Amino acid sequence: AAGRGAAEALSFPADFQWGCATAAYQIEGAVKEDGRGETVWDVYAHTPGKTTDGGTGDVACDSYHRYQEDIALLKALDVKAYRFSVAWSRIFPSGKGKPNQKGLDYYNRLIDGLLAAGITPHMTLFHWDLPTGLRGGWQSRDTAYAFADYAGFIAGKTSDRVKHIMTVNELRCFTDLAYWNGNKAPGLRLPMDEVNQVRHHGVLAHGLGVQAIRAQAKAGTQVGLADNATIFVPAIETAEHIEATKKAMREENAMFLTAIMEGRYIDSYLSAQGKDAPKVQAGDMEAIGSPLDFLSLNVYTSNTVRAAATPGGYEILPHLANSPRMASPWLYMTPEALYWSIRSVSELWQPKKLYISENGCSADDPVAPDGKVYDADRVTYLRNYITHLHRAVREGYPIDGYFLWSLMDNFEWEDGYTKLFGIHHVDFKTQKRTPKLSADWYRELIRTGRLV
Ligand code: GBH
């Protein structure tokens with residue numbers, strides 16, 4: 001038929017917020033500058049054997065000094081929005097007490113630079129770099145109160161210009177992986193009752209943070225969080241498997257997203273934990289369930305779910321040896337995760353507005369003789385995922401934007417610099433940033449608003 005090609009291109013709304021994401025410890029470097037305090041990640045990365053290649057965030061992408069160059073990269077991509085995180089220990093070097101003006105100045109320069117370039121800032125307040133001055137870390141309930149004080153303070157200082165604030169990034173990563181699995185800072189392996197208490201302090205920090213931000217931010221500031229809910233995709237798109245998928249989503253995320261969206265710990269979680277269940281004080285669940293202006297999801301991978309034989313039951317199917325995956329062993333390529341994450345949370349909890357706050361992948365990034373990285377695998381990954389994002393947009397779910405992780409290669413936590421997620425290659429000797437093929441591809445998507 002005539003015009004077939006154009007008709008089949010997947011178009012996004014003109015005001016769709018295409019963006020890129022980063023996080024402070026992964027890109028800033030300058031860890032001892034202008035009064036920044038020590039964080040659990042400084043200690044962890046400097047402990048021999050904790051990161052694969054011995055890498056640390058001491059220098060990373062040196063964005064603390066090169067942020068203007070990074071804004072220029074964003075502008076060249078034509079992105080509408082940028083998601084960055086604030087290093088708590090630049091603002092309160094020991095986590096609480098007297099604010100550090102020089103740290104605040106840095107974020108003011110960054111925010112003003114973004115706005116001058118026509119880029120909307122989306123600001124995360126905690127992306128895992130916990131100040132070591134907070135004794136006991138997330139094992140201590142005091143840390144949740146300290147977070148709220150910091151959150152309210154920074155919202156008060158920046159919300160004249162920053163209208164999208166996320167409290168925390170990925171509860172599961174800074175609680176379970178840090179205090180149970182032990183492969184993220186501070187690297188502990190606590191018993192389950194203590195892990196549940198850490199989780200509770202995490203969601204409590206989020207909730208008290210929302211309240212503090214609302215109390216101190218300018219009118220019109222929108223508050224949410226960036227969560228990495230465990231995501232499920234139905235084995236077959238039939239009513240019974242879809243029901244099982246939603247049930248899995250709600251129950252497997254009971255200690256994090258479900259608690260936040262429902263303001264309570266659901267019975268299946270409490271009965272499964274028994275005597276290990278978290279100790280909750282009066283007012284906690286009300287704070288945790290504070291209504292949000294938006295919900296942001298970090299979406300990388302998922303598992304398939306089928307309805308199980310028992311009524312209302314579900315079974316999570318394991319990944320298999322030959323299931324396709326990207327360069328990080330955990331990163332199975334499951335593009336439908338982007339659609340089903342949005343649909344499941346929408347049907348379960350009806351959030352007012354949604355963003356994908358992270359999506360992207362590690363890939364083999366060969367540098368070609370012409371000096372460019374032709375990361376065709378990353379382009380394939382992104383195209384597949386964004387096709388399923390388009391389905392969610394087309395079906396009318398309230399999804400306003402998408403942030404690609406990441407603007408540039410950076411410090412990938414316990415993997416050091418061995419797994420890279422950037423759409424810009426960074427030469428860590430010279431700090432030169434070079435667009436990869438995926439950056440060219442993303443720019444084209446943004447400029448045309450169409451996925452072809
Ligand atoms: C996000 O985490 C982070 O927000 C971001 O900082 C990070 O750079 C990016 O993704 C890429 O990883 O082998 O079982 O320990 C992603 C979610 C969940 C990915 C835990 C790594 C470890 C799996 N992460 N997962 S395991």
Side-chain angles (χ1 to χ4, degrees), residues 19-28 39-41 44-45 50-52 55-57 60-61 63 83-87 122-130 166-185 187-189 195 199 202 224-231 252-253 256-257 296-303 316 318-319 323 325-334 337-338 341 355-363 365 378 381-382 385 402-424 426 438:
C20 286
T22 62
Y25 188 70
Q26 295 179 270
I27 66 162
E28 285 179 358
T39 73
V40 294
W41 269 98
Y44 191 79
K50 294 299 187 189
T51 63
T52 309
T56 73
C61 308
S63 284
R83 173 173 177 245
F84 64 93
S85 84
V86 176
H122 285 231
M123 185 169 79
T124 309
L125 302 185
F126 178 66
H127 199 124
W128 312 351
D129 42 359
L130 190 73
M166 284 155 278
T167 54
V168 300
N169 179 72
E170 299 197 346
L171 283 151
R172 195 181 295 274
C173 289
F174 71 84
T175 60
D176 286 22
L177 298 183
Y179 290 84
W180 188 25
N181 303 58
N183 58 6
K184 296 215 189 288
L188 304 180
R189 288 167 177 270
V195 172
R199 291 167 164 174
L225 84 159
D227 192 44
N228 65 325
T230 304
I231 296 161
E252 300 295 323
N253 293 298
F256 304 121
L257 190 59
S296 292
L297 298 171
N298 294 356
V299 178
Y300 288 92
T301 195
S302 62
N303 280 85
I316 301 170
H319 291 294
S323 297
R325 47 182 153 169
M326 307 307 291
S328 303
W330 55 272
L331 218 181
Y332 289 91
M333 169 130 80
T334 61
L338 216 41
S341 57
Y355 293 96
I356 299 301
S357 34
E358 290 180 25
N359 172 242
C361 67
S362 51
D365 282 337
R378 182 175 288 105
Y381 174 101
L382 293 171
Y385 277 68
Y402 167 97
F403 293 82
L404 201 162
W405 184 276
S406 180
L407 172 64
M408 59 192 157
D409 290 341
N410 59 48
F411 175 74
E412 178 59 13
W413 307 113
E414 68 272 26
D415 293 330
Y417 297 90
T418 65
K419 304 289 180 214
L420 300 170
F421 281 69
I423 59 170
H424 289 89
V426 177
S438 53

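Counting begins at 1 with the first residue of the sequence. As the structure lists them, so they are numbered: ligands from 1, and atoms in each ligand from 1. Heavy atoms only: backbone and side chains are in, while hydrogens, waters and symmetry mates are out. Values in this document were obtained by computation on a predicted structure and should not be read as measured data.
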- List in chain and number order the residues that pass salt bridge (charged side-chain N to carboxylate O under 4.0 Å, His left out) with E358, two or more places apart in sequence or in another chain; answer none if no residue qualifies. R83

- Message: Does the plane of the ring in Y300 sit parallel, tilted or perpendicular to the ring in W330? Use 30° and 60° as the thresholds.
- Response: perpendicular

- Message: Could you check whether K50 pairs with E414 (Lys NZ or Arg NE/NH1/NH2 to Asp/Glu carboxylate O, under 4.0 Å)?
- Response: no

- Using the ring of each side chain (for Trp, its six-membered ring), is W41 parallel, tilted or perpendicular to F411, with breaks at 30° and 60°? perpendicular

- Going through the checks in order, is the side-chain contact (heavy atoms from CB on, under 4.5 Å) test met by N181 and D176? CA-CA 6 Å; N181 303 58; D176 286 22; 4.3 Å; yes

Quick check for students: name every N or O atom pair between ligand 1 and the protein closer than 3.5 Å, with distances.
| from | atom 1 | to | atom 2 | distance (Å) |
| --- | --- | --- | --- | --- |
| ligand 1 | 2 (O) | E170 | OE1 | 2.8 |
| ligand 1 | 2 (O) | E170 | OE2 | 3.3 |
| ligand 1 | 4 (O) | H127 | NE2 | 3.2 |
| ligand 1 | 4 (O) | N169 | ND2 | 3.1 |
| ligand 1 | 4 (O) | E170 | OE1 | 3.4 |
| ligand 1 | 4 (O) | E170 | OE2 | 3.4 |
| ligand 1 | 4 (O) | E358 | OE1 | 3.0 |
| ligand 1 | 4 (O) | E358 | OE2 | 2.9 |
| ligand 1 | 6 (O) | Q26 | OE1 | 2.8 |
| ligand 1 | 6 (O) | H127 | NE2 | 2.8 |
| ligand 1 | 6 (O) | W413 | NE1 | 2.8 |
| ligand 1 | 8 (O) | Q26 | NE2 | 2.8 |
| ligand 1 | 8 (O) | W405 | NE1 | 3.2 |
| ligand 1 | 8 (O) | E412 | OE1 | 2.6 |
| ligand 1 | 10 (O) | Y300 | OH | 3.1 |
| ligand 1 | 10 (O) | E358 | OE1 | 3.3 |
| ligand 1 | 12 (O) | E412 | OE2 | 2.6 |
| ligand 1 | 15 (O) | N183 | ND2 | 3.1 |

- For W405, which of N410, N298, N359, I423 qualifies under side-chain contact (heavy atoms from CB on, under 4.5 Å)? N410

